[in-house]
Amino acid sequence: MKKVTLKDIAYIFGVSISTVSKAINDSHEISRDLKTKIQKFANENNYKPNRIAQSLVRNSTKTIGVIVPNILNFFFAQVIFGIEKTANARGYKIISCFSNESCHKEIQTIDLLNAGAVDGIMLSLSAETQAKGDLKHLQTLVDNQIPMVMFDRVSEQVECDKVVVDDFEAGYKTTNHLLKTGCKKVAIISAIYNSSVGKLRVDGYKKALKENGLVFEEKNIVKVGKKDDLQLLISLLLDDKEIDGIIALDEMTAVDTLNILKLKDIDVPEEISLVGFTNGRLSKYVSPALTMVSQHGKYIGELSANLLIDRIEYEGDMPYTTKLVKTSLVERESTKTIQ
């Protein structure tokens, strides 16, 4: 069934498109009799207004575009929850999009959102974008004065508001925690090694090793690609019998690592202590329950949404700001208690 348009209604009633629009919007400029007839016809024929066209007239959509690299990641799910909660409270809708760690898809999504569909854009960069350093599509948003907030995975080369987790400190504090519990040799397993957050966590880890008089060994950083066999990589890591602590840089990798250690009859935490990142539900209900680094995703979403809406609604010049969010270590059964 063909969708009824303003043009169709205007033709049927022998009036201008502008008159139909005013009638549907209950303008006092149109006679009550004509308004009633047009509104009745529009309702009976399921006329739906073109929101994009309306936004061009009003110069506002009251809609925000959100792009995250991985919807299966509990952290990003929590961020979107926080964004939507805040946006709704301030009268905005959100369009959630996913780059799936692809620079090409990120560019396509930004092109789509930038075509008048949203008032501003929030995004966390894909791993491929960060690996390539290809930021032209983001600079275009800045050049066109499209309000934008980057969160979690950001680039210092793009001038905009940012909300970041203190990932360097998180890597540093987590490594120190394991060393204080008695671990002598800590390894890292990372499926996000190309991202800024993954690199910062490793840098924090290196600092903690140095301060404790330990030598950094590249072989103790296990990089996991999409097609890699994690079980094989962990087996190779454990050829070093001295490994007694592991930091997994995301929740799914932490859970998978725990299961692989159990399959190998390795006692967690008596033989190897294990810490993961992102304090999701999975980490609470596995056995033993996992010690996790909480990045406070919901709060990051709320903070990011408020920053973007403030910029959208503020009429004067406002300096860009970067908000730094601290992490928390949630201790559970997969690590030993500090004596």
Side-chain angles (χ1 to χ4, degrees), residues 64-80 83 94-115 117-118 120-144 146 148-165 167-168 170-171 188-205 218 221-230 233 247-254 256 276-278 280 295 297 300-301 304 308 322:
I64 294 169
V66 182
I67 307 172
V68 297
N70 183 357
I71 189 55
L72 297 179
N73 184 308
F74 182 79
F75 168 72
F76 289 120
Q78 285 293 94
V79 171
I80 290 176
I83 291 171
I94 71 168
I95 298 175
S96 301
C97 306
F98 318 110
S99 66
N100 291 327
E101 304 289 11
S102 163
C103 180
H104 177 67
K105 188 167 183 184
E106 184 177 286
I107 291 169
Q108 284 186 320
T109 305
I110 284 178
D111 285 344
L112 174 66
L113 295 175
N114 196 24
V118 297
I121 292 174
M122 305 172 61
L123 80 156
S124 185
L125 297 175
S126 71
E128 188 178 20
T129 299
Q130 293 199 306
K132 288 182 174 181
D134 183 359
L135 304 169
K136 291 190 293 293
H137 55 300
L138 303 176
Q139 191 57 49
T140 298
L141 291 178
V142 175
D143 294 343
N144 292 335
I146 305 299
M148 175 172 62
V149 172
M150 287 186 184
F151 59 88
D152 190 47
R153 302 184 193 175
V154 307
S155 170
E156 295 306 318
Q157 297 177 48
V158 180
E159 289 191 359
C160 67
D161 296 309
K162 302 178 180 79
V163 178
V164 295
V165 177
D167 285 291
F168 179 87
I188 281 183
I189 301 178
S190 176
I192 54 170
Y193 51 89
N194 276 331
S195 71
S196 57
V197 299
K199 292 173 182 176
L200 285 168
R201 291 170 193 173
V202 171
D203 288 344
Y205 159 83
E218 188 68 43
I221 305 295
V222 179
K223 298 178 180 179
V224 186
K226 289 182 179 179
K227 297 180 180 179
D228 288 333
D229 184 334
L230 180 60
L233 292 175
I247 302 171
L249 297 191
D250 66 271
E251 184 177 44
M252 286 307 301
T253 301
D256 288 342
F277 271 73
T278 304
Q295 299 149 274
I300 288 172
S304 300
L308 183 62
T322 296

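Treat the numbers as computed from the prediction; the structure is a model and nothing was measured.
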Test side-chain hydrogen bond (donor to acceptor under 3.5 Å, both in side chains) on Gln130 and Ser155; report intermediate values, then the result. CA-CA 8 Å; Gln130 293 199 306; Ser155 170; over 6 Å; no

Report yes if some heavy atom in the side chain of [X] is under 4.5 Å from a heavy atom in the side chain of [Y]; otherwise report no.
| X | Y | answer |
| --- | --- | --- |
| Leu249 | Ile189 | no |
| Thr129 | His137 | yes |
| Ile95 | Val66 | no |
| Leu308 | Ile64 | yes |
| Tyr205 | Ile221 | yes |
| Glu106 | Leu123 | yes |
| Ile192 | Arg153 | yes |
| Ile188 | Val222 | no |

Heavy-atom donor-acceptor pair, Asp228 side chain to Gly225 backbone, under 3.5 Å: yes

Short side-chain to backbone donor-acceptor contact, Asn144 and Ile146, under 3.5 Å: no

Work out which heavy atom in [X] is nearest to a heavy atom in [Y]; give both atom names and the distance.
| X | Y | value |
| --- | --- | --- |
| Val154 | Val163 | CG1-O, 4.4 Å |
| Gly301 | Ile83 | O-CG1, 3.4 Å |
| Phe75 | Thr278 | N-CG2, 3.4 Å |
| Asp152 | Ser196 | O-OG, 4.4 Å |

Can you name the residues that form a side chain to side chain contact (heavy atoms under 4.5 Å, CB included) with [X], not counting sequence neighbours?
| X | result |
| --- | --- |
| Lys105 | Asn100, Ser102, Thr109 |
| Val142 | Gln139, Met148, Val158 |
| Leu112 | none |

From CA spacing to verdict: side chain to side chain contact (heavy atoms under 4.5 Å, CB included), Met150, Cys160: CA-CA 7 Å; Met150 287 186 184; Cys160 67; 3.8 Å; yes

Quick check for you: to the nearest 0.5 Å, what is the distance between [X] atom [atom1] and [Y] atom [atom2]?
| X | Y | atom1 | atom2 | result |
| --- | --- | --- | --- | --- |
| Phe76 | Phe151 | CZ | CZ | 6.5 Å |
| Met122 | Ile80 | CE | CD1 | 9.5 Å |
| Asp250 | Phe74 | CG | CZ | 13.5 Å |
| Leu138 | Leu125 | CG | CG | 6.0 Å |
| Asp134 | Glu128 | CG | CD | 9.0 Å |
| Glu251 | Asp256 | CD | CG | 10.5 Å |

When you measure from the centre of the six-membered ring of Phe277, is the NZ or CZ of Arg201 closer than 6.0 Å and no more than 45° off the axis? yes

Other residues, nucleotides, ligands: >12 heavy atoms within 6.0 Å of Glu159 CD: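 Incorrect, the count does not exceed 12.
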
Distance-only donor-acceptor check, side chains Glu101 and Ser126, under 3.5 Å: no

